[in-house]
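Every number for a ligand or one of its atoms is a count from 1 in the order of the listing.
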Amino acid sequence: MPLPDITRRIAAAAEKAGRPVEEITLIAVSKVQPLERVRAVLDAGHRCFGENKVQEASGKWPDLQAEYGPVDLHLIGPLQSNKTRAAMQLADAIHTLDRPKLARTMARIAQEEGRCPDLFVQVNTGAEPQKSGVLPDETDSFIKEAREMDLPLRGLMCIPPADEDPGPHFTHLARIAERNGLTGLSMGMSGDFETAIALGATHVRVGSAIFGERVPS
Ligand SMILES: *Cc1c(COP(=O)(O)O)cnc(C)c1O
């Protein structure tokens, strides 16, 4: 679906929810997409992208940014500790702060580098054993801990269980954010971004609806 159609659907969902559309950032998730599809979205003027692997992102975006100018780059995939520095150097935001050890590593690197991307704490709202993220019950104390490390927390992120209605998960995430004074809500993908916007999303992560199905490389 062309980018303008997605932008229109976002605007319509925001209006229906009585929210200013400026509150909502569209992260175009370009992971695994052929370069010509990414270029088409850049050519259309979009400048905010998401990737889920540090290695793939650093192989692609420095060159594209040299050509097109700066883009706002969001890392949305699970982050291995040994990739933390590279991730922090590359990204404007990281959506997957999901464990105390990673928080400590980020705090140390932020000190050393003198900068830190905006951070979202990933919450495993479905408490799925195979999925990363802080458990809902542990999120308040995790946020407190990360704040004590002076990490720049921007908000929370979730990926609801694939086989469930996402609505209750988005609502739950919004409630945890609100009671912790966090305003960013990274939630909603191709299949459910309108629902997420109705429930307060500030960052929607949309891949296949913009670029088409991901072609395995
Ligand atoms: C791939 C991915 C997306 C985008 O998924 P689509 O269904 O293609 O929109 C969003 N969030 C995360 C964390 C992803 O890994």
Side-chain angles (χ1 to χ4, degrees), residues 1-10 13 24-38 40-41 44 46 48-61 71-80 83-84 87 90-99 102 117-128 130-134 139 154-167 169-170 172-174 177 184-217:
M1 188 177 285
L3 183 67
D5 292 325
I6 301 296
T7 312
R8 241 188 321 272
R9 283 171 60 187
I10 289 173
I24 298 146
T25 299
L26 170 60
I27 302 171
V29 179
S30 49
K31 66 185 186 201
V32 205
Q33 295 289 352
L35 216 46
E36 66 269 17
R37 292 188 189 168
V38 182
V41 172
H46 197 70
C48 179
F49 291 84
E51 292 282 345
N52 72 335
K53 292 208 170 84
V54 177
Q55 195 168 349
E56 185 186 341
S58 51
K60 189 188 303 181
W61 284 105
V71 309
D72 206 22
L73 192 58
H74 294 248
L75 285 174
I76 60 174
L79 188 54
Q80 294 166 253
K83 303 255 170 69
T84 309
L90 184 69
D92 299 288
I94 296 177
H95 291 235
T96 48
L97 173 53
D98 61 0
R99 55 195 190 274
L102 184 59
D118 285 342
L119 299 176
F120 291 77
V121 174
Q122 182 175 355
V123 182
N124 187 356
T125 55
E128 296 172 280
Q130 83 285 6
K131 202 168 267 176
S132 44
V134 182
T139 304
R154 171 87 177 72
L156 304 180
M157 176 272 216
C158 76
I159 308 170
D163 56 353
E164 284 181 32
D165 176 5
H169 294 272
F170 296 155
H172 192 183
L173 194 73
L185 286 173
S186 167
M187 57 191 201
M189 311 186 2
S190 288
D192 55 20
F193 66 86
E194 284 142 321
T195 306
I197 289 168
L199 297 170
T202 59
H203 294 71
V204 292
R205 311 178 308 266
V206 182
S208 43
I210 296 173
F211 293 101
E213 287 308 312
R214 282 181 282 278
V215 189
S217 44

**Request:** Have a look at Val54 and tell me which of Leu75, Ile94, Thr84 forms a side-chain contact (heavy atoms from CB on, under 4.5 Å) with it.
**Result:**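 Option passing the side-chain contact (heavy atoms from CB on, under 4.5 Å) with Val54: Leu75.
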**Request:** Could you point out which residue of Leu185, Asp192, Ile197 forms a side-chain contact (heavy atoms from CB on, under 4.5 Å) with Phe170?
**Result:**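 Running side-chain contact (heavy atoms from CB on, under 4.5 Å) over Leu185, Asp192, Ile197 with Phe170 returns exactly one hit, Asp192.
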**Asked** Hey, does His95 sit under 4.0 Å from ligand 1 if you only count heavy atoms?
**Response** no
Looking at [X], which atoms of ligand 1 are within less than 4.0 Å of one of its heavy atoms?
X	value
Arg214	1 (C), 5 (O), 6 (P), 8 (O)
Ile159	13 (C)
Arg205	4 (C), 9 (O), 10 (C), 11 (N), 12 (C), 13 (C)
Val206	9 (O)

**Prompt:** Does the gap between the ring centers of His74 and Phe120 come in under 6.0 Å?
**Reply:**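 When the ring centroids of His74 and Phe120 are compared, they turn out to be at least 6.0 Å apart.
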Which residue and non-hydrogen atom of the protein lie closest to [atom], and at what distance in Å?
atom	result
atom 12 (C) of ligand 1	Ile76 CD1, 3.5 Å
atom 9 (O) of ligand 1	Ser190 OG, 2.5 Å
atom 5 (O) of ligand 1	Met189 CE, 3.6 Å
atom 14 (C) of ligand 1	Lys31 NZ, 3.0 Å

**Prompt:** Rounded to the nearest 0.5 Å, what separation is found between the OG atom of Ser58 and the CG atom of Leu73?
**Reply:**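 Rounded to the nearest 0.5 Å, the OG-CG separation comes out at 9.5 Å.
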**Message:** Check whether Asn124 reaches the backbone of Lys131 with its side chain - one donor and one acceptor, N or O, closer than 3.5 Å.
**Reply:**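 Checked: pair present.
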**Request:** Could you tell me whether Lys31 and Glu56 make a salt bridge, using a distance below 4.0 angstrom between a side-chain N and a carboxylate O?
**Result:**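 Looking at Lys31 and Glu56, the cut-off is not met.
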**Asked** Using a distance-only test with no angle check, is there a side-chain donor-acceptor pair under 3.5 angstrom linking Ser186 and His95?
**Response**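 There is such a pair (donor and acceptor under 3.5 Å, judged by atom type) between the side chains of Ser186 and His95.
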**Item:** Min N/O separation Ala209 to ligand 1 under 3.5 Å
**Value:**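 Between Ala209 and ligand 1 (N or O atoms, distance only) the closest approach is not under 3.5 Å.
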**Item:** Any N/O pair Asn52/ligand 1 closer than 3.5 Å
**Value:**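 In this structure, Asn52 places no N or O atom under 3.5 Å from an N or O of ligand 1.
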**Request:** Check the pair Val41 / Ser30 against side chain to side chain contact (heavy atoms under 4.5 Å, CB included), numbers first and verdict last.
**Result:** CA-CA 10 Å; Val41 172; Ser30 49; over 6 Å; no
